[in-house]
Amino acid sequence: MMSIEEAEAEQERLRPLVDLADPGPERVEYVAGLDVGYAGDDEVTGAVVVLRAATLEIADQVAVRQRASFPYVPGLFAFRELPPLLAAMEKLTVAPELLVCDGYGLAHPRRFGLACHLGVLTGLPTIGVAKTAFVGRHDEPAAERGSWSPIVLDGDVVGRALRTRDGVKPVYVSQGHRISLDNACSHVLRLSPGFRLPEPIRMADRLSRS
DNA sequence: GCGACAG
DNA sequence: ATCTTGTCGC
């Protein structure tokens, strides 16, 4: 197994490859949601669900179950979840143009969360959507869907707390790779018409548990 | 130093 | 994450 030190060094090595300047696609035909489910003895299930962006209909889905190769270490989340997710991605028959990841992107202690890592490895535009925010500080956004407030870490804006439903706890959006924060948030809002979490992530979450 | 810590 | 009891809001 890779050591903690080696994993951190790998993040530092790959971080310069992240593209935060590309505004990213305004519209895509296919968008994928990714999530990992956990079973008993260190078993992880990587799930990828490709949706037709216009209708949110499922176009393709793959789940791969394997032995976890890295423990859960805050800040090194990707080293646990990336292997099963990449294995699932390789089996897709419909190519997504945008990936929505469950977790952090830029909003990460070393500015290199799972979404950035997956973006660099696949070359695809990626967005990180987390359910909790332990990185940086942010004000509470207004109660209406669409409201947001910046997440600030060491003086830098690294993401947004974005309200996807009226009066419901926001999600925490950050850039992964090849997409602007504005564009990432507009995609997340469009992909979350009925629930707090974007539909691709909900579908992947469901698949990862089965 | 101690605790907290995406999932 | 997952498990699980109890509570809350509609």
Side-chain angles (χ1 to χ4, degrees), chain A residues 1-2 4-5 7-8 10-11 14-15 18 32-49 63-89 99-121 126-138 143 145 150-154 156-162 164-177 181 184-185 188 194-198 200-210:
Chain A
M1 183 193 98
M2 183 182 263
I4 302 285
E5 292 71 24
E8 288 177 346
E10 178 79 345
Q11 291 183 327
L14 294 177
R15 183 176 54 179
V18 173
L34 301 90
D35 194 17
V36 174
Y38 294 78
D41 329 335
D42 279 331
E43 289 285 316
V44 289
T45 302
V48 183
V49 179
V64 171
R65 183 170 176 163
Q66 58 182 227
R67 195 78 182 272
S69 57
F70 201 88
Y72 169 64
V73 180
L76 298 177
F77 195 42
F79 292 88
R80 184 167 176 76
E81 299 214 337
L82 229 30
L85 290 177
L86 291 171
M89 293 264 321
L99 307 181
V100 184
C101 309
D102 191 29
Y104 296 156
L106 237 206
H108 175 276
R110 279 177 298 280
R111 313 290 211 278
F112 195 72
L114 172 68
C116 299
H117 205 144
L118 194 58
V120 167
L121 263 41
T126 59
I127 300 170
V129 179
K131 297 183 285 294
T132 53
F134 295 111
V135 169
R137 298 182 51 81
H138 65 87
R145 166 178 157 87
I151 298 171
V152 178
L153 177 61
D154 298 330
D156 301 317
V157 174
V158 295
R160 285 180 191 166
L162 174 65
T164 52
R165 293 196 71 193
D166 289 358
V168 171
K169 178 179 169 167
V171 296
Y172 306 92
V173 179
S174 56
Q175 288 162 276
H177 183 58
L181 184 52
C185 288
V188 167
F195 298 92
R196 176 184 177 228
L197 291 174
I201 288 187
R202 298 185 65 242
M203 297 291 100
D205 178 75
R206 172 204 270 191
L207 178 61
S208 76
R209 296 171 194 271
S210 60

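We name chains A, B, ... by the order of the sequence lines, and we start the count at 1 in each one.
- Between A/K131 and the phosphate of B/dA6, there is no side-chain N or O to OP1/OP2 separation shorter than 4.0 Å.
- The stretch residues 200-210 of chain A does not touch DNA chain B, since none of its heavy atoms comes less than 4.0 Å from the strand.
- When DNA chain C is scanned 5' to 3' for any atom under 4.0 Å from a heavy atom of chain A, the first and last hits are C/dA1 to C/dT2.
- Residue contacts shown for A/Y72 include a base, since a base heavy atom lies under 4.0 Å away.
- Rounded to a whole Å, the NE2 atom of A/H108 is 12 Å from the C1' atom of B/dG7.
- If you measure from atom OH of A/Y38 to atom P of B/dA6, you get 11 Å, rounded to the nearest angstrom.
- No option in A/I201, A/L114, A/L85 other than A/L85 meets the side chain to side chain contact (heavy atoms under 4.5 Å, CB included) test with A/L34.
- The side chain of A/T132 contributes no N or O atom lying less than 4.0 Å from OP1 or OP2 of B/dC5.
- Atoms CD (A/E81) and P (B/dG7) sit 9 Å apart, rounded to a whole Å.
- The pair A/K131-A/D102 counts as a salt bridge, with a side-chain nitrogen and a carboxylate oxygen less than 4.0 angstrom apart.
- Atom-to-atom, CG of A/L197 to C1' of B/dG7 comes out at 13 Å; the value is rounded to the nearest Å.
- Rounding to whole angstrom units, CG of residue A/L153 and P of B/dC5 are separated by 16 Å.
- Proximity of the aromatic rings of A/Y172 and A/H138 is defined here by a centroid distance below 6.0 angstrom, and this criterion is met.
- Across all strands shown, A/G128 has no heavy atoms under 4.0 Å from either base or sugar-phosphate atoms.
- Using a 4.5 Å heavy-atom threshold, the side chains of A/V158 and A/S174 count as separate.
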